[in-house]
A.B. asks: 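Questions regarding the structure given below will be posed in turn.
Quick note on labels: first sequence line is chain A, next is B, and so on, each numbered from 1. Side chains are part of it too, since the values below use all heavy atoms of this structure and drop only hydrogens, waters and symmetry mates.
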Amino acid sequence: MTESTPASEMPKTYDPQTTEPALMERWLASGAFKRSKGRAGAEGVVEDCTVTIPPPNVTGILHMGHAMDDTIQDAFIRYNRMRGRSTRWIVGTDHAGISTQTKVDKKLKGEGISRLEIGREAFLEACQEWRDEYGGTIIRQIKRMGCSCDFDDEKFTMSPEYALAVRKVFCDWYHDGLIYRGKRIVNWCPSCRTAISDDEAEYRDEPGHLWYLRYPLKEPVDGVEHIVVATTRPETMLGDTGVAVAEDDPEKAAFVGKTVVLPIVGREIPIFSDWHVDKGFGTGFVKVTPAHDPNDFAMGEAHDLPKVNIFDETAHVVEGYGEFSGLDRDEARERVVAWFEEHGLLDHVEEHEHSVMHCYRCDTTLEPWLSEQWFVAVDRLKGPATEAVTSGKVTFHPERWTQTYLTWMENLKDWCISRQLWWGHRIPIFTCADCGWEDACMEDVEVCPECGSHAVVQDPDVLDTWFSSQLWTFATQGWPEDASELERHHPTKVLVTARDIIALWVARMIMSSLYFLGEIPFEDVYIYAIILAKDGTRMSKSKGNGVDPLDLMARYGADAMRFNLLTLITNNQDVRFDAEFSKKTGEFIGSPRTEQAKGFVTKIWNASRFVLMNLEGYEPGPAEAATPEDAWMLSRLARQVARATEALETYEFGDYARELQGFFWNEVCDWYVELCKGRLNSGDADARRQAQRNLAYVLDTSLRLLHPVMPFVTEAVWDAMPASAVDGEPHDGRFLMEAAWPEPENYARWVNEAAEHDFDLARSVVSAVRSTRARYRLSPKEPLAVAVKAPGQDAARLGEQTAFICELAHVSELTVGSDAAKPQGSVSVVDGALEIFIALGGLVDLDAERSRLEKALAKARKELAGTERTLANQGFLAKAATEVVEAKRIRAKELAETIVRLEAQLADLG
RNA sequence: GGGCGAUUGGCGCAACGGUCAGCGCAGGUGCUUUACACGCACAAGGCUGGGGGUUCGAAUCCCUCAUCGCCCACCA
């Protein structure tokens with residue numbers, strides 16, 4: 001910030017497209033985004049505010065969810081930096097195992113290459129290339145938004161340092177007995193011969209059948225010789241090891257504990273009850289195939305059933321099933337059904353639609369397949385993680401998400417962490433093929449430490465992406481090698497994220513941080529609303545209703561988009577974004593709300609330009625409540641400082657933005673700036689100087705308050721300001737982003753309730769005159785004579801404000817008094833304790849005035865009647881709070897007085 | 001199927017048990033007021049989705065119905 005633009009050179013229009021990137025360059029070059037040292041507070045302690053960005057996928061591009069997330073974080077970070085806290089926003093990307101691998105896979109497929117052909121090494125190289133090419137995209141987009149992240153120290157969940165942390169966590173948990181190997185059903189693609197993760201599988205509803213098969217009972221039950229099961233996959237009956245009924249099914253109770261002889265196979269299998277079963281579906285009897293269905297697997301575990309795998313890796317029936325062995329699953333289905341029919345065991349067949357999983361790559365129907373996987377046992381983790389939240393150490397905002405977290409934690413099952421992918425952290429488990437030695441190792445092992453064999457192999461699978469991202473708050477801060485940063489900057493202040501990853505990510509971060517650091521990863525979790533399209537449905541590429549934040553910024557600028565996003569925030573869990581698209585081309589046309597926000601950016605620019613244009617001869621000096629309007633403005637400013645500070649401290653971002661806009665636009669611009677024009681143009685040098693100082697003070701403070709959400713335009717204006725009116729020193733070389741936040745206690749002395757009341761009286765008079773003028777279609781230039789009758793105290797206060805009332809309402813002659821007389825031929829307006837008479841001579845339309853007054857009278861009488869009814873209610877008087885009763889009494893008195901005045905005016909009209 | 005949330009003037013939203021239910025946009029009227037027409041002023045527009053309950057008092061709390069949406073789990 002070496003050169004500042006003289007006010008006279010402030011361009012007439014503000015262009016975010018040139019200003020925003022240029023400012024960003026200067027901020028970046030200055031190092032202002034690195035950790036701020038902060039300022040010591042009253043106790044001599046510098047508070048800490050470290051925030052880690054939820055790492056976007058390395059291959060990702062910015063979408064509206066990121067835009068919301070990052071706007072909230074940046075507003076919070078900028079506020080805290082100004083507040084004097086030691087602040088750093090840690091940025092980085094996630095390697096995103098599945099989605100990166102899928103993208104690279106598709107790219108290679110487009111080139112006619114299969115990852116299975118080129119092998120693991122070559123494929124990982126291709127992934128690395130992809131990351132190098134696209135990895136910077138989203139970081140550049142975040143920069144376009146003006147986010148004040150520490151970009152010089154970007155993190156990555158697969159960097160060597162990070163990999164070390166991941167490996168240590170795995171090994172420690174393994175040696176502490178938290179990581180174990182177990183069997184689990186995965187989605188197997190018989191064509192690709194690989195497991196497909198849940199996220200890669202595509203569900204599709206397809207027409208199918210429900211086959212009703214008869215299973216003979218070993219011994220008849222009450223004369224019944226066989227039961228009937230319903231299945232969509234009859235071929236899997238070869239692997240059945242049980243039959244289940246619902247726990248709450250009295251009709252089936254007699255069958256529980258009995259035995260069925262499985263047809264074809266001849267296996268004797270038990271009948272048992274389980275909560276998985278819905279007695280209303282099918283026959284109420286469910287065949288259980290633990291090796292080929294996830295639910296059946298769970299039942300098999302619970303009831304200790306054998307898991308019989310009947311398919312090989314190409315989904316052909318394995319040896320041992322006679323004529324069925326060697327058949328593929330479709331042939332097997334036909335033959336099994338035919339066999340049941342031939343033997344009179346096929347009860348009947350129904351049409352049945354059900355969802356089927358397909359391979360995202362080759363579209364083959366996936367086969368649930370039993371395989372070896374690695375798990376994290378959560379028993380020892382969930383207790384502390386639950387306590388961290390119930391005790392209030394970690395707080396959710398809004399509070400309602402606490403329940404989501406606790407419910408999930410309560411139902412938490414062991415976490416399957418192995419993924420059959422190549423792109424990711426490879427599981428550091430080494431096994432000796434010769435002697436069976438196995439261990440989790442920090443260093444790669446080539447020779448078996450037990451038998452010296454070279455036949456040591458590493459587990460081929462990689463870790464779930466969340467396994468590495470759960471370490472984000474501390475693995476990005478030097479853990480495990482150097483704990484010095486963690487000592488001062490962990491736990492982090494807040495995690496800002498979407499509700500759909502409370503379970504996947506938030507909960508796991510809490511568990512791992514508690515385990516390895518013995519402390520929570522963050523104090524607060526702020527869950528923001530999901531941004532939906534205009535029609536209330538989720539934005540999606542296929543629907544074409546999604547809007548690209550870059551398009552928004554190209555059209556309206558980053559400040560406008562940021563402001564728009566914050567004002568959208570309410571207590572609601574979803575918000576709608578009003579992006580409009582061309583019906584013909586589907587192209588983004590615009591967003592009215594963002595356009596409004598752009599209007600506010602322009603308003604700030606223009607108001608600032610006006611102030612700066614009028615600073616000629618400005619001498620820095622203290623603000624002063626020299627006039628009633630000054631006292632009012634400074635009081636309002638003080639309240640706004642307190643309110644904005646409170647709102648940001650309590651994560652009320654929407655209120656912060658909306659209230660600030662109302663204040664700056666409707667109070668500062670519409671009233672105060674207008675009111676200062678007189679003094680600025682008068683020949684009175686002292687009055688002009690004071691108006692300049694006050695305007696500069698109000699503008700300076702407003703810019704500081706607005707900066708967290710509107711960093712660019714506020715910084716651009718600040719750049720043009722000759723000196724800070726708050727500290728009275730030239731601020732060349734300092735950025736607004738590094739300036740001090742207006743501390744409420746420094747403004748508290750301006751709060752002046754009486755001044756606010758007095759100003760409201762003057763505003764009432766101005767509004768009454770303007771309104772009357774509009775009703776009679778009189779030009780604003782037409783001078784009018786006005787008399788105001790007010791109670792003594794109010795009359796005196798109004799008397800001090802006649803100058804500006806006359807100016808704003810174009811009043812030529814203003815009389816104020818407790819006994820002011822109504823001039824001949826005038827219109828009267830009753831507003832609270834004021835009676836305002838506007839002289840119109842012969843123009844007064846008696847009928848119109850009468851009906852207007854009658855309308856007002858009727859309204860007042862109606863409200864008075866209601867109020868009196870309440871006051872007559874014994875229950876109300878007995879139970880309502882005294883201040884509420886008192887407020888009602890005062891209101892009744894006011895209404896009664898208003899009615900008297902209105903009646904008098906009506907009588908006067910004749 | 002489970003969980004969460006919404007329903008307030010034409011549209012988007014506030015109001016979180018107690019003043020005449022507020023605000024913005026759109027629409028209306030009038031203003032080339034020398035910061036801003038991306039502006040200013042003025043006026044109009046609502047028995048708060050239906051029904052029931054709790055309470056002295058309900059847009060607000062409870063129940064129910066209807067409609068809509070989001071998240072999670074997926075049905076043998």
A.B. asks: If you measure from OG on A/Ser608 to CE on A/Met613, what distance do you get to the nearest 0.5 Å?
C.D. replies: 12.0 Å

A.B. asks: Starting at CD1 of A/Ile527 and ending at P of B/G3, how long is that distance when rounded to a whole Å?
C.D. replies: 20 Å

A.B. asks: Between A/Lys307 and A/Thr289, does any side-chain donor sit less than 3.5 Å from a side-chain acceptor?
C.D. replies: no

A.B. asks: Write out a two-atom table: protein N or O, nucleotide N or O from nucleotides 11-13 of chain B, distance below 3.5 Å.
C.D. replies:
residue : atom : partner  : partner atom : Å
B/G12   : O2'  : A/Arg593 : NH1          : 3.3

A.B. asks: How would you label the contact of A/Asp296 with the nucleic acid (heavy atoms, under 4.0 Å): base, sugar-phosphate, or nothing?
C.D. replies: nothing

A.B. asks: When you compare B/G51 with B/C13, how far apart are their P atoms, in angstrom units rounded to a whole number?
C.D. replies: 24 Å

A.B. asks: Taking CE from A/Met357 and P from B/C75, how many angstroms apart are they, rounded to a whole number?
C.D. replies: 7 Å

A.B. asks: Any N or O donor-acceptor pair under 3.5 Å from the base of B/C38 to the side chain of A/Lys603?
C.D. replies: no

A.B. asks: Any base atoms under 4.0 Å from A/Arg770, or only sugar-phosphate, or nothing? Heavy atoms, all strands.
C.D. replies: sugar-phosphate

A.B. asks: Over all strands shown, is A/Glu674 touching base, sugar-phosphate only, or nothing at heavy-atom distances under 4.0 angstrom?
C.D. replies: base

A.B. asks: Check the distance between B/C4's C1' and A/Ile530's CD1 and give it to me in whole angstrom.
C.D. replies: 12 Å

A.B. asks: Which whole number of Å gives the distance between the P atom of B/A21 and that of B/G9?
C.D. replies: 15 Å

A.B. asks: Just how far is it from atom CG of A/Leu615 to atom CG of A/Leu695, taken to the nearest 0.5 Å?
C.D. replies: 8.0 Å

A.B. asks: Is A/Asp578 touching bases, backbone alone, or none of the nucleic acid, heavy atoms closer than 4.0 Å?
C.D. replies: nothing

A.B. asks: Could you go over nucleotides 25-34 of chain B and give all protein N or O partners under 3.5 Å, atom names and distances?
C.D. replies:
residue : atom : partner  : partner atom : Å
B/U29   : O2'  : A/Arg777 : NH1          : 3.3

A.B. asks: Quick one: label A/Val601 by what it contacts on the DNA or RNA (base, sugar-phosphate, nothing), any heavy atom closer than 4.0 Å.
C.D. replies: nothing

A.B. asks: In dot-bracket form, 5' to 3', how is RNA chain B paired? Count Watson-Crick and G-U wobble pairs only if both distances fall under 3.5 Å, and write | where the partner sits on another strand.
C.D. replies: (((((((..((((....[...))))..((((.......))))......(((((..]....))))))))))))....

A.B. asks: Would you mind reading off the distance between A/Glu868 atom CD and B/G57 atom P, rounded to a whole angstrom?
C.D. replies: 19 Å

A.B. asks: Does B/C4 have OP1 or OP2 sitting under 4.0 Å from an N or O in the side chain of A/Thr404?
C.D. replies: no

A.B. asks: Rounded to the nearest 0.5 Å, what separates atom CZ in A/Arg609 from atom CD1 in A/Ile604?
C.D. replies: 14.5 Å

A.B. asks: Taking the same atom, P, in B/G30 and in B/U48, what whole-Å distance lies between them?
C.D. replies: 34 Å

A.B. asks: Could you give the distance separating B/G10 and B/U54 at their C1' atoms, to the nearest angstrom?
C.D. replies: 35 Å

A.B. asks: Considering only B/C75, B/C70, B/C40, which nucleotide approaches the side chain of A/Arg499 most closely?
C.D. replies: B/C70

A.B. asks: Distance check, C1' atoms only: B/G22 and B/G69, in whole angstrom units.
C.D. replies: 26 Å

A.B. asks: Taking atom OG1 of A/Thr882 and atom CZ of A/Arg889, what is their separation to the nearest 0.5 Å?
C.D. replies: 10.0 Å

A.B. asks: For the residue pair A/Phe600 and A/Phe664, does the interplanar ring angle fall in the parallel (under 30°), tilted (30 to 60°) or perpendicular (over 60°) class?
C.D. replies: perpendicular

A.B. asks: Atom OH in A/Tyr618, atom CD in A/Gln692: separation rounded to 0.5 Å?
C.D. replies: 8.0 Å

A.B. asks: A/Thr602 side chain: which of B/A35, B/C38, B/G18 is closest?
C.D. replies: B/C38

A.B. asks: B/A37 P sits how many Å from A/Glu595 CD, rounded?
C.D. replies: 15 Å

A.B. asks: About how many Å separate CZ of A/Arg643 and CD of A/Glu652, when rounded to the nearest 0.5 Å?
C.D. replies: 5.0 Å

A.B. asks: At their closest point, which heavy atom of A/Glu235 faces which heavy atom of A/Arg329, and how far apart are they?
C.D. replies: CG-O, 3.9 Å

A.B. asks: B/A35 phosphate, OP1 or OP2: any side-chain N/O from A/Ser608 under 4.0 angstrom?
C.D. replies: no

A.B. asks: Take atom C1' in B/U29 and the same atom in B/G46, then report the distance between them in whole Å.
C.D. replies: 22 Å

A.B. asks: Please work out if A/Val673 contacts a base, only the sugar-phosphate, or nothing of the nucleic acid, heavy-atom cut-off 4.0 Å.
C.D. replies: base

A.B. asks: Heavy atoms only, 4.0 Å cut-off, all strands: where does A/Ala607 land among base, sugar-phosphate and nothing?
C.D. replies: base

A.B. asks: Heavy atoms only, 4.0 Å cut-off, all strands: where does A/Lys859 land among base, sugar-phosphate and nothing?
C.D. replies: base

A.B. asks: The side chain of A/Lys855 lies closest to which of these nucleotides: B/C36, B/A44, B/C42?
C.D. replies: B/A44

A.B. asks: Atom CZ of A/Arg852 to atom C1' of B/A43: distance rounded to whole Å?
C.D. replies: 13 Å

A.B. asks: Using atom CZ of A/Phe664 as one end and atom P of B/A35 as the other, report the distance to the nearest whole Å.
C.D. replies: 15 Å

A.B. asks: Starting from the 5' end of RNA chain B, give me the residue, A/Leu877 or A/Phe600, whose nearest nucleotide shows up first.
C.D. replies: A/Phe600

A.B. asks: Determine whether the aromatic ring centres of A/Tyr215 and A/Phe285 lie less than 6.0 Å apart.
C.D. replies: no

A.B. asks: Set out, in order, the CA-CA distance, both residues' side-chain angles and the distance that settles side chain to side chain donor-acceptor pair (under 3.5 Å) for A/Glu667 and A/Tyr672, then state yes or no.
C.D. replies: CA-CA 6 Å; A/Glu667 302 193 78; A/Tyr672 192 63; over 6 Å; no

A.B. asks: Which listed nucleotide (B/C70, B/C36, B/C40) is nearest to the side chain of A/Trp665?
C.D. replies: B/C40

A.B. asks: Counting the benzene-type ring for Trp, do A/Trp401 and A/Phe396 have ring centres under 6.0 Å apart?
C.D. replies: no

A.B. asks: Using whole Å, report how far OH of A/Tyr405 lies from C1' of B/C4.
C.D. replies: 19 Å

A.B. asks: If we take the C1' atom in both B/C38 and B/G49, what is their distance in whole Å?
C.D. replies: 37 Å

A.B. asks: By the 4.0 Å heavy-atom rule, please label A/Ser767 as base, sugar-phosphate, or nothing.
C.D. replies: sugar-phosphate

A.B. asks: Show the numbers, then the answer: is there a side chain to side chain donor-acceptor pair (under 3.5 Å) between A/Thr236 and A/Lys287?
C.D. replies: CA-CA 9 Å; A/Thr236 63; A/Lys287 61 189 275 310; 2.7 Å; yes

A.B. asks: Decide whether a cation-pi geometry holds between A/Lys598 and A/Phe563; the criteria are a distance under 6.0 Å from NZ or CZ to the six-membered ring centre and an angle within 45° of the ring axis.
C.D. replies: no

